[in-house]
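In what follows, a structure is listed as structure tokens, so that the remarks can point back to it.
Predicted model, so just to flag it, every value in this text is computed and none were measured. Per chain, numbering begins at 1; letters A, B, ... match sequence-line order.
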Amino acid sequence: MAKPELKHSATQARLAGLTLPAGGWSEPARRDALSRLIAMGLPQRRDEYWKYTRPDALVDPATPFAAVLTSDEIPLFDHVDRLQIVFVDGVFDADASDDLALQGVVIERLAETAKSEIHWAKAVYGTLEARGQKPVERPFAAMNTAFATDGVVIHVTGKPSKPINLIYRHRSESSDAILHHVIRVDTGAEATILENGPAAARFNKCTEIDVADGGVLHHVRAQGRDHERRAVTHMFARLGEESVFKSFTLTVNGMLTRNECVIELTGDNAVTHVAGACVGDGDFHHDDTVFITHDAVNCESRQVFKKVLRNGATGVFQGKILVQPGAQKTDGYQISQSLLLDEDSQFLAKPELEIYADDVACSHGSTSGAIDEDAMFYLRSRGVPESTATDLLTLAFLAESVDEIENKALADDILARLQGWLARRR
Amino acid sequence: MLEIKNLHVKLEEEEKQILKGVDLMIEAGKVHAIMGPNGSGKSTLSYVLSGRGGYEVTEGSATMEGVDLLELEPEERAAAGLFLAFQYPVEIPGVGNMTFLRTAVNAQRKARGQEEMSAAEFLKVVRERAKSLKIDADMLKRPVNVGFSGGEKKRNEILQMAMLEPKMCILDETDSGLDVDAMKLVADGVNALRDIGRGFLVITHYQRLLDHIQPDVVHIMADGRIVKSGGPELALEVEHNGYADILSEVA
Ligand SMILES: Nc1ncnc2c1ncn2[C@@H]1O[C@H](COP(=O)(O)OP(=O)(O)OP(=O)(O)O)[C@@H](O)[C@H]1O
Ligand SMILES: [Mg+2]
């Protein structure tokens, strides 16, 4: 079989138009990532880890066309007091962004820092991504480390008074953006990162998150409503002792969205929660791939993923909890559920547990079902029209994952938005 | 108010005939009671009237104020003024009781071309009616019926009825599971709504409820038919002698 050659040539074709940014502290990491990538090759349909999601549009040398979403709606988080960092088609926009100075945090543009040879981010950039390549390969992340053209490095040293909001804007129908962010949370420091907005026609984003002992990071992100995007995102997080990392993602629309989340609990008593709510309609494909490694004692991990699918939409969940030898008292929980609003839609789930310690409590569950007919009739018998009843029940279903967001105001903002979007579709 | 003629109903999925020719006429202002052995078709009748799926009407008709109920969607029947207090109220996780009530009230108002109730006005009315049914603020905040005790669920049904102010109220075993005091509360709730413009159909197994809600007519349902009708004394007869006498008498 000529498969490896095919894979190699497809990878070469994809990389042909890209140049590896040279110079500065990141260059060695980029070169390493490139050799990792060449060794792995970009994914193809037959790859086990891409069994449910076709990577073609992400590998294609030509950028797929994506219409720019025109919308008059108020952007998410608009009423939240936050520090705004704007990227237009994957390029930092200083004019649209706020002043990056904020007490308790040092924010720099990746491209700016790269001019120097020495930087704290050097210890993280590409490092967490490289660690996350085992036991499963994540070639798009290596590609990102090698070729990222922009991004921010955020050093949380204290407790900044407001969230840092990474805002993406899509202006060009053929933009192909590769962004790489690095976040380091110091011992005892705490911050909230928000992300929203359509980023580009094709988007490859990688975020490396290093949370030191006792550090806390909250992350709330919204993807959508740009429908024609093809996006692959990675989050690599490493958690120290007694640290906390909680991440929530809302995904609405999108022809292809693959969100990989790779978390390593390396310090005792660390806590991580990852949650996602997704609304898919029509030619929609959304994939949540999560890999959580417990490598310390008494850590907690929790995954709550909910998808509402209709009109032939596809939802994928691949979630794994790996408990390493010695990671006793692990508390691992995972639930993935889909609400299928018609028979054309499908949910593909692959929950996995791999446990090498004996004193652990791990559970996982996955369900897929239609709207509860009894609840539907009950609502309708009270005079609630079928469409409104569907929205109410759908929102109730999704709310269980939105509830994972600790900040009530942010959760309410997400819920209100979902309500609007659910109503809008008909 | 409600007129049921020769109603025949079978299950949609299987060849099982449940209602075999029900005739019933309830005038506005009247309270009718239906008693009958388990499985005789009482709940089926209430479901078919309110539009639940899974049943097929093979013969007969059901009209409310001259409108063919069987042609309407469940929500349209509700907006037209029909209400069913469920024998087994449904739990809806994630939907707050208050949100549910307000959505229902406003949906019906909208369907009738009335203006929606303001949030403040709604809150005032709901609090007042909940109070008289001893439903506390916590129950209003919680998801619909989730974790409610059997009696709380039944009181919650009556609260919905009080908020929706329907014209034709069907109560399916609203008394079962209620303690003596709660039964009194529920009966008071029903009696408060008794009005010349409103009809009631009360399904029950026990004469006790009928002490509190005095019926005008009592019907006995058996094997998918109304087999006997009479005054309140019929309920007493059932209470004392069971159904055997009545059933053998009509057989
Ligand atoms: N969906 C269904 N599938 C199968 N059988 C059904 C269904 N619905 C009703 N039945 C049957 O129809 C008959 C009438 O049921 P129904 O619930 O109407 O009785 P009921 O008079 O309300 O009884 P109870 O006093 O116990 O509440 C029963 O034999 C019941 O098992
Ligand atoms: Mg019954």
Side-chain angles (χ1 to χ4, degrees), chain A residues 248 250 275-279 304-308 335 337-339 341-343 365 367 369-405 408 411-412 414-416 418-420 422-423 426, chain B residues 46-55 69 72-112 114 143-146 153 156-157 159-161 163-166 169-170 172:
Chain A
F248 170 87
L250 168 70
C278 127
V279 177
V304 179
F305 286 87
K306 299 262 188 174
K307 299 180 199 290
V308 175
I335 182 96
Q337 297 183 305
S338 77
L339 179 60
L341 295 180
D342 54 47
E343 284 171 6
T367 64
I371 276 218
D372 178 353
E373 282 301 322
D374 288 334
M376 184 57 132
F377 174 62
Y378 193 63
L379 285 165
R380 293 180 71 190
S381 79
R382 289 340 183 207
V384 180
E386 194 174 5
S387 60
T388 312
T390 304
D391 288 355
L392 263 180
L393 295 173
T394 303
L395 199 65
F397 170 81
L398 292 172
E400 287 172 29
S401 75
V402 180
D403 277 350
E404 296 290 313
I405 302 172
K408 188 82 174 60
D412 286 348
I414 298 268
L415 277 178
L418 269 172
Q419 212 158 12
L422 288 172
R426 52 186 87 72
Chain B
S46 69
Y47 285 145
V48 170
L49 291 175
S50 46
R52 184 185 176 142
Y55 304 103
L69 279 179
L72 303 180
E73 296 295 333
E75 57 268 34
E76 293 171 327
R77 301 181 196 200
L82 185 74
F83 179 86
L84 168 64
F86 283 53
Q87 180 173 2
Y88 304 109
V90 179
E91 298 188 1
I92 313 183
V95 177
N97 211 8
M98 197 71 114
T99 307
F100 164 65
L101 279 168
R102 202 175 56 230
T103 308
V105 167
N106 283 333
Q108 292 203 10
R109 288 183 156 238
K110 198 171 157 204
R112 296 192 206 109
Q114 296 164 334
V144 181
N145 293 326
V146 177
K153 284 181 182 169
N156 200 34
E157 293 292 288
L159 174 63
Q160 291 165 42
M161 185 171 84
M163 291 304 298
L164 295 169
E165 301 179 334
C169 311
I170 305 173
D172 191 358

Mind checking the [atom1]-[atom2] spacing from [X] to [Y]? Nearest 0.5 Å is all I need.
X     : Y      : atom1 : atom2 : value
B:I92 : A:L392 : CD1   : CG    : 8.0 Å
B:R52 : A:M376 : CZ    : CE    : 13.5 Å
B:F86 : A:S381 : CZ    : OG    : 3.5 Å
B:E91 : A:D372 : CD    : CG    : 10.5 Å
B:E73 : A:R380 : CD    : CZ    : 5.0 Å

For A:A375, which atoms come within 4.5 Å of any heavy atom of chain B: side chain, backbone, both, or neither?
both
At a heavy-atom separation under 4.5 Å, does A:E373 approach chain B through its side chain, its backbone, both, or neither?
neither
Out of [options], return the one with the most heavy atom pairs under 4.5 angstrom to chain A.
options                       : value
B:A79, B:P166, B:G51          : B:G51
B:A107, B:G53, B:P143, B:A111 : B:A107
B:E76, B:M163, B:Q108, B:R77  : B:Q108
B:P74, B:G54, B:G94           : B:P74

For the residue pair A:V384 and B:A104, what are the closest heavy atoms and their distance?
CG2-CA, 3.8 Å
Return yes if some donor-acceptor pair links the side-chain N/O of B:Q160 with the main-chain N/O of A:R382 below 3.5 Å, else return no.
no
Please work out whether the ring planes of B:F100 and A:Y378 are parallel, tilted or perpendicular, with thresholds of 30° and 60°.
parallel
Interchain contact, B:V144 with chain A, by part (heavy-atom threshold 4.5 Å)
side chain
Against chain A, label B:N145 side chain, backbone, both or neither, depending on which of its atoms sit under 4.5 Å from a heavy atom there.
side chain
Report yes if the side chains of A:F397 and B:P93 come closer than 4.5 Å at any heavy-atom pair, otherwise no.
no
Answer yes or no: are there more than 12 heavy-atom neighbours, outside A:E343 itself, under 6.0 Å from its atom CD?
no
